[in-house]
Amino acid sequence: MTEPAVLSLPEPAPEERPVLVVDFGGQYSQLIARRVREARVYSELVPHTISADAVRARRPLALVLSGGPASVYADGAPRMDPALYELGIPMLGICYGMQLMALDRGGRVERTDTAEFGRADLRAERESDLFTGLPDEQVGWMSHRDSVTAPPEGARVVASSGAAPISAFEDPAARLYGVQFHPEVVHTEYGQDVLKNFLYRVAEAPPAWTAAAVIEEETARIRAQVGSERVLCALSGGVDSAVAALLAYKAIGDQLTCVFVDHGFMRKDEAEQVVETFGGHFHVPLVHVDARERFLARLAGVSDPEEKRRRIGEEFIRVFEEEAGKLGAVRYLVQGTLYSDVIESGGGSGEGVAATIKSHHNVGGLPEEMDLELVEPLRMLFKDEVRRVGEELGMPEKMVWRQPFPGPGLAIRIIGEVTEERLAILREADAVVQDEIRRAGLYRELWQSFAVLPAIRSVGVQGDERTYAYPIVIRAVTSDDAMTADWARLPYDVLETISGRIINEIPGVNRVALDISSKPPATIEWE
Ligand code: XMP
């Protein structure tokens with residue numbers, strides 16, 4: 001006798017039951033969403049102006065109210081739809097969000113004498129939902145002037161600090177939770193654990209948001225969007241376009257054609273790696289355009305950085321259009337737009353960012369007049385999630401963890417005119433920097449590390465001969481987002497090896513210098 005097959009209902013996809021971060025304009029709102037996702041629960045940012053109906057329609061597992069710069073009593077301080085409290089959805093208020101909750105639900109918020117900025121010693125109650133399993137003494141990171149002086153009606157206080165006797169409250173019956181400190185920042189010792197307690201224990205959110213789940217959902221979505229139409233994708237060699245392309249390929253196979261325009265300004269062996277990985281390993285239909293000569297010709301005699309960028313961008317579009325034209329009717333274009341691009345192009349941070357979310361056309365400035373509809377499989381993902389998806393799809397480690405690299409590539413790291421000779425020098429010098437940085441195990445720690453070729457020469461002596469040759473500048477920075485950066489304190493022995501190798505191995509170079517400027521006032525790139 002055979003056992004009857006047990007049929008289980010399909011689990012809802014993680015995206016169908018999100019945790020919504022209600023944005024009150026705090027500097028960490030995006031970070032909260034990222035932390036929730038790190039707990040493997042799908043999360044999105046929504047503006048504080050969102051209506052209770054719109055929230056209900058999203059069927060969220062929980063709401064997290066972000067911090068914000070305002071005082072809840074200030075004129076025009078951001079509020080939210082009071083009907084949100086009636087939905088019975090678990091809510092966690094952070095900083096401003098906590099204070100708003102207290103104000104709305106019969107508690108009290110006051111400007112006390114003791115503002116708190118930075119580290120605070122918390123005494124937490126272990127017999128609580130938020131602090132279960134955590135030590136009763138812990139460090140929280142605070143940033144507030146106002147304080148909650150009475151919790152919402154029915155809520156009890158579960159953590160306190162010297163300056164904020166009400167550092168956390170909870171009301172399990174009403175499903176309302178608030179913390180004055182910022183669980184999302186790394187300085188809060190058990191911040192991620194507090195978030196997990198809220199997500200797993202209170203909201204009962206399953207940790208189902210994994211790279212595998214993303215791949216499944218996004219490939220299904222791509223199929224639904226494009227049907228049996230032809231789809232195009234421009235590969236740049238960067239991780240975003242690569243992961244977007246692989247997702248599309250997994251979804252629709254040979255309906256996809258990737259176009260890789262080799263402008264000749266990539267790093268040593270990178271163009272070959274793209275061709276090998278996509279064409280050779282993954283068997284993605286790939287048009288590889290060797291346009292190196294065309295691009296060099298377009299840059300002849302040009303030394304102005306912006307003019308270089310403009311010409312490269314223009315030429316890129318021209319080549320891409322020519323190739324696309326050869327493919328016949330194509331209706332869709334895959335782009336590697338990320339969630340952070342989407343949020344940023346929404347603008348108006350104080351407004352609640354997601355209010356004006358719009359599509360962000362950010363890949364190589366592709367032509368609008370080609371009239372292609374966009375397929376953006378990464379538009380809900382943060383960069384680290386894109387990398388995880390890339391790993392899950394089997395992309396080589398080198399590609400998944402590649403440092404950011406500018407579209408115009410080495411052309412804007414050669415100061416002055418780009419010639420074949422100077423390009424060859426920089427490419428080799430840059431390869432030495434990459435090689436040694438990787439060998440020293442520093443590659444992933446650094447935001448970017450590369451070589452720059454200035455437009456000067458200096459005197460040296462090699463053997464018995466006087467030389468008059470180029471210097472190479474080493475540029476290595478740490479950064480979180482490229483908006484600010486610090487020069488990396490590379491170990492002397494690594495610098496020594498790099499310098500020795502560059503000068504000995506590369507004819508035309510007789511000196512190596514190190515760029516020790518932070519951004520601002522310098523920029524990361526030299527052009
Ligand atoms: P800067 O030099 O302004 O660079 O500090 C900040 C970040 O942007 C990258 N960058 C570019 N990326 N096209 C790009 O795609 C460009 O023209 C470009 N210029 C700079 C730079 O590498 C750094 O990560």
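Along the sequence shown, residues are numbered consecutively beginning with 1. For ligands, and for the atoms within them, numbers begin at 1 and follow the listed sequence.
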Worksheet item: At a 4.0 Å cut-off, with the gap strictly under it, does some heavy atom of W526 reach an atom of ligand 1?
Response: no
Item to complete: For ligand 1, indicate whether the residue F405 contacts it via side chain, backbone, both or neither (heavy-atom separation under 4.0 Å).
Response: neither
Discussion item. So if I count the atoms of ligand 1 from 1 in the order they appear, which ones are less than 4.0 Å from some heavy atom of W447?
Written reply: 24 (O)
Fill in: Cationic N near anionic O, under 4.0 Å, R331 to D371
no
Worksheet item: Side chain, backbone, both or neither: which part of A485 has a heavy atom under 4.0 Å from ligand 1?
Response: neither
Fill in: Under-4.0 Å salt bridge between K268 and E428
yes
Fill in: side-chain hydrogen bond (donor to acceptor under 3.5 Å, both in side chains), paired with E527, selected from K308, R413, R309
K308
Worksheet, complete the sentence: atom 11 (C) of ligand 1 has as its nearest protein heavy atom P406 CB, 3.5 Å
Discussion item. Under a 4.0 Å threshold between the charged nitrogen and the carboxylate oxygen, would R388 count as salt-bridged to E391?
Written reply: no
Fill in: Cationic N near anionic O, under 4.0 Å, R298 to E315
yes
Worksheet item: Under a 4.0 Å N-O cut-off, is there an ion pair linking R37 with E44?
Response: no
Practice prompt. May I ask which of P404, P408, P520 has a heavy atom nearer to atom 13 (N) of ligand 1 than the others do?
Written response: P408
Worksheet item: Judging by distance only, is a nitrogen or oxygen of G407 under 3.5 angstrom from one on ligand 1?
Response: yes
Discussion item. If the threshold is 4.0 Å, N to carboxylate O, is there a salt bridge linking R310 and E314?
Written reply: yes
Discussion item. Determine whether any protein heavy atom is located less than 4.0 Å from atom 5 (O) of ligand 1.
Written reply: yes
Fill in: Is_contact(atom 9 (C) of ligand 1), protein non-hydrogen, under 4.0 Å
no
Item to complete: Any atoms of ligand 1 less than 4.0 Å from a non-hydrogen atom of K519? List them with their elements.
Response: 1 (P), 3 (O), 5 (O), 6 (C)
Discussion item. Pairs of nitrogen or oxygen atoms closer than 3.5 Å, one from R309 and one from ligand 1: do any exist?
Written reply: yes
Discussion item. Taking distance alone, with N or O pairs closer than 3.5 Å, would you say E525 contacts ligand 1?
Written reply: yes
Fill in: Worked check of ring pair (Phe, Tyr, Trp, His ring centres under 6.0 Å) between H182 and Y28
CA-CA 9 Å; H182 287 271; Y28 301 121; 5.3 Å; yes
